[in-house]
Number of protein chains: 2
Amino acid sequence: MAELLDSRDSGSRSGTLYVASVEKGFRVLRAVRRAQRELGRNDVSLTEIARLSDMDKSAAQRFTNTLVHLGYLEKDARTRRYRPGVELLELGYSYLVGSRLSEIATARMVAASNVYGTAVNLCVQHGPNVVYIVRIPHENTPFRATLIGRRVPMFSAAAGIAMLGGSSDEHVEETLARSDFKPVTEWTITDPDVVRARIAAARADGYAISDQQSLPHEISTAAPVLDAEGKAIAAVQIAVYRPSWTLDEVNAKIVPLITELARTVSGTYFPER
Amino acid sequence: MAELLDSRDSGSRSGTLYVASVEKGFRVLRAVRRAQRELGRNDVSLTEIARLSDMDKSAAQRFTNTLVHLGYLEKDARTRRYRPGVELLELGYSYLVGSRLSEIATARMVAASNVYGTAVNLCVQHGPNVVYIVRIPHENTPFRATLIGRRVPMFSAAAGIAMLGGSSDEHVEETLARSDFKPVTEWTITDPDVVRARIAAARADGYAISDQQSLPHEISTAAPVLDAEGKAIAAVQIAVYRPSWTLDEVNAKIVPLITELARTVSGTYFPER
DNA sequence: TTTCTTGTATTATTATATAATATATGTTGT
DNA sequence: ACAACATATATTATATAATAATACAAGAAA
C-alpha cells in the first residue's frame with residue numbers, strides 16, 4: 001500500500017513538498033483529543049502526549065512548546081498539563097463563516113426548531129463520517145448533541161443514510177468501504193447489507209429514520225439537501241427522544257417537517273432548480 | 001522588542017524548542033482567514049496566500065500542499081484555489097467538548113432563550129478580544145451572531161465590559177493596553193477613559209449594556225460568570241435588536257434575566273460558593 | 001498566435017529539526 | 001522526613017529534512 005506512493009512524488013505525504021513538522025504539530029493536537037476520548041480527561045501530561053502521538057519525549061516537548069506559544073494549547077503552570085486552547089475555535093470559525101450553506105440554512109432551521117420544539121441540525125459528509133456544521137439546540141438536548149464539529153459514522157446516522165440515499169452507487173460503496181461498522185450503541189445496525197437496504201429505502205422515500213443508532217433514546221430523522229443535479233451535499237436532521245416521542249409520532253409529525261425543510265434549503269441554495 | 005528575546009532561550013519563539021514550520025503552517029491558515037476578512041472571498045489562490053502570509057511562492061506551495069493532505073485546506077481542482085477544510089471543525093470541537101463551563105451553561109441558556117425569545121451567548125476573554133463559545137440563536141438572529149469562535153474587541157462588547165468589571169484593575173489595564181480602540185460601528189466608544197468609566201459602572205451594577213457597539217441595531221446586555229473568589233471567568237450575553245426593543249425595555253426585562261442567569265451558571269460551576 | 005501570469009516539479013545547499021543526554025523538579029511510598 | 005522514582009526542562013552535536021532558486025508547464029489575457 002505505502003509502496004504504491006513514490007516517495008519522491010512531490011505532491012504526496014513525503015517528498016520535498018510535504019512538511020512533516022506541520023503534520024507532527026497536528027498529531028499532538030489529535031493526541032490531546034484522543035486523551036479526551038480514551039482517557040476521559042481534558043488535561044494531558046507531556047509523557048501521555050508522547051505516548052498518544054507516538055513521538056519520543058523530545059519531540060513532544062518541542063511541539064507542545066510551539067503550540068502553547070501559538071495559543072492552540074494551554075499549559076497549566078501548576079500541574080504542567082496541557083489542554084486545548086481557545087485559539088482552536090478561530091480555525092473552525094474560518095470554515096463556518098465561509099459556508100454559504102450554513103448561512104442559508106441557519107435561519108430556516110431556527111424557524112423549524114420552533115414548530116415542534118425540537119433541536120435541528122445540519123451536517124455534511126467527511127470521509128466515513130457525518131460532521132455537524134449547524135446545530136439549533138432545544139430544551140433537554142444533551143450537551144454532546146449541541147456541539148459543532150461532532151462526528152458520527154455515516155452508516156449509522158440518519159443523516160448519513162439520507163445523504164447516501166442521494167448519492168451515486170459508487171459513492172455509497174466508496175463510503176461503506178471506508179466504514180468500520182463498529183457499533184455505537186447496543187442497537188447500532190452493523191450489517192453492511194442491512195445498511196445498503198436502508199440506503200435504498202432512503203433513496204425511495206427521500207428521508208431516513210435512525211432509532212437509537214448513535215445515542216440511546218434518540219430517534220433521529222434526516223433528509224438530504226440536494227444540488228442542481230439531485231445529488232446530496234448535506235442533510236438536515238431532527239432528533240427527538242424516547243419515551244416522549246414514539247416512532248409513529250415521528251412519522252406523522254417530524255417526517256413532513258424535515259422533508260419540507262430540506263426542500264426549502266435545497267431550493268434556496270440552488271435557486272436555478 | 002525582538003532583541004529582548006534571547007534567541008537561545010529554549011522556551012521561546014525561537015531556539016531548539018520552537019518548531020518554526022508548525023507556525024508557518026498556521027500562518028497559511030490565518031492567511032486564508034485574512035482573505036475572507038479583507039478580500040471578502042472564501043477561496044484563495046496560491047499567490048494570494050504567499051502574499052497574505054508573507055512567504056515566498058515555494059514556501060506557500062509546500063505548506064498548502066501539506067495542509068490539503070491533512071484535510072485542513074480544500075483545493076478546487078478546476079480553479080486551483082484553496083478554501084478552509086471541514087477537518088478544521090474537529091480542532092474547535094476538541095476545545096468545546098472539554099469545556100465544563102459550556103456544558104453547565106448550555107442547558108440553562110436554552111431555557112433562558114425561551115423566556116423572552118432572544119438569542120443567548122456565552123463568551124470568554126482571549127487577549128484583547130471576547131470569543132463566543134456557546135450560542136443559542138433565535139429567530140431573526142443575524143448569521144454572524146450565530147457563529148462559535150467569533151471574536152469582538154473587549155472594549156466595545158457588553159460581555160467584555162462586564163468581564164472587566166469583574167476583574168482586577170491590573171487585568172483591566174493589561175487588557176486595555178493590548179486593545180487598539182478601532183471603531184467597529186459608527187457608534188463604537190473609542191475613548192479609553194469612557195471605557196474605564198463603563199467598566200467601573202459594570203463593576204458596581206453587576207452587568208453591562210452596549211448600544212450598537214459591535215453590530216448596528218444590536219443592544220447587547222451581559223453579566224459576568226464569577227469564580228469562587230468573585231473574579232470573572234466568562235460572561236453570558238443577550239442581544240436584542242432595535243427598533244423592536246428599546247433601552248428602557250432592555251433595562252426592565254433583559255437585565256434581571258441576564259444577571260439571574262449569570263448567578264445560576266456561576267453557582268453551578270463553583271458549587272462551594 | 002504571442003505574451004504574461006500563475007501553478008507545478010526538481011535540485012543542491014545548509015539551516016533547522018532532531019534525539020541523546022544531563023539536570024531540575026515534583027510525586028509517591030515507607 | 002527521607003528515599004526512590006517519575007516526570008519535566010534544558011543543552012548540544014549531528015544529519016535529516018526544510019529550504020529557495022530555478023526550470024518547466026499550464027492557463028489567462030492581449
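Lettering of chains follows the sequences in order, A, B, ..., and the numbering in each one begins at 1.
- Residues of residues 32-54 of chain A that place a heavy atom closer than 4.0 Å to DNA chain C do not occur.
- For the pair Arg178(B) and Glu174(B), the salt-bridge criterion is not met [side-chain N within less than 4.0 Å of a carboxylate O].
- Counting atom types as modelled, Gln61(A) pairs no side-chain N or O with a base atom of dA8(D) as donor and acceptor under 3.5 Å.
- The pair Glu87(A)-Arg151(B) meets the salt-bridge criterion, since a charged nitrogen lies less than 4.0 angstrom from a carboxylate oxygen.
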Restricting to nitrogen or oxygen on both sides, can you table the protein-nucleotides 27-30 of chain D pairs closer than 3.5 Å?
from: dG27(D); atom 1: OP1; to: Arg80(B); atom 2: NH2; distance (Å): 3.2

Original post:
Between Thr268(B) and Arg108(B), is a side-chain contact (heavy atoms from CB on, under 4.5 Å) present by the stated rule, with each step listed?
Top reply: CA-CA 10 Å; Thr268(B) 314; Arg108(B) 315 239 174 219; 3.4 Å; yes

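- Contact check on Arg203(A) versus Asp169(A) returns a salt bridge, with a Lys/Arg side-chain nitrogen under 4.0 Å from an Asp/Glu carboxylate oxygen.
- Checking each of Leu88(B), Leu89(B), Val32(B) against Leu91(A) for a side chain to side chain contact (heavy atoms under 4.5 Å, CB included) leaves exactly one that passes, namely Leu88(B).
- A straight line from CG of Asn65(B) to P of dA9(C) spans 9 Å, rounded to a whole angstrom.
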**OP:** Under the side-chain contact (heavy atoms from CB on, under 4.5 Å) rule, what do Val28(B) and Tyr82(B) come out as? Steps first, then yes or no, please.
**Re:** CA-CA 11 Å; Val28(B) 165; Tyr82(B) 300 88; over 6 Å; no

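- Interatomic distance, CZ of Phe63(B) versus OG of Ser53(B), reported as 9.5 Å (0.5 Å rounding).
- The CG-C1' distance, from Asp76(B) to dT6(C), rounds to 15 Å in whole Å.
- Counting heavy atoms of neighbouring residues, nucleotides and ligands inside a 6.0 Å radius, atom CG of Asp56(B) exceeds 12 of them.
- Rounded to whole Å, the distance from NZ on Lys57(B) to P on dA25(D) is 14 Å.
- For Lys75(B), a side-chain nitrogen or oxygen approaches OP1 or OP2 of dT8(C) to under 4.0 Å.
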Within the sub-3.5 Å range, which N or O atoms of nucleotides 13-20 of chain D have a protein N or O partner, and how far apart are they?
from: dA18(D); atom 1: OP1; to: Ala20(A); atom 2: N; distance (Å): 3.1
from: dA18(D); atom 1: OP1; to: Ser21(A); atom 2: N; distance (Å): 3.3
from: dT19(D); atom 1: OP1; to: Lys24(B); atom 2: NZ; distance (Å): 2.6
from: dT19(D); atom 1: OP2; to: Arg62(B); atom 2: NH1; distance (Å): 2.0
from: dT19(D); atom 1: O5'; to: Arg62(B); atom 2: NH1; distance (Å): 3.1

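- The CZ-C1' distance, from Arg81(B) to dA26(D), rounds to 16 Å in whole Å.
- You'll find the ring centres of Phe26(B) and Phe26(A) inside the 6.0 Å limit.
- When the options Lys57(A), Arg83(A), Arg81(A) are evaluated for a salt bridge (Lys or Arg N to Asp or Glu O under 4.0 Å) with Glu48(A), the one that passes is Arg81(A).
- Using modelled atom types, one finds a donor on one side chain and an acceptor on the other under 3.5 Å when comparing Arg150(B) with Tyr93(A).
- Regarding Tyr82(B), its OH atom lies at a distance of 9 Å from the C1' atom of dT8(C), rounded to whole Å.
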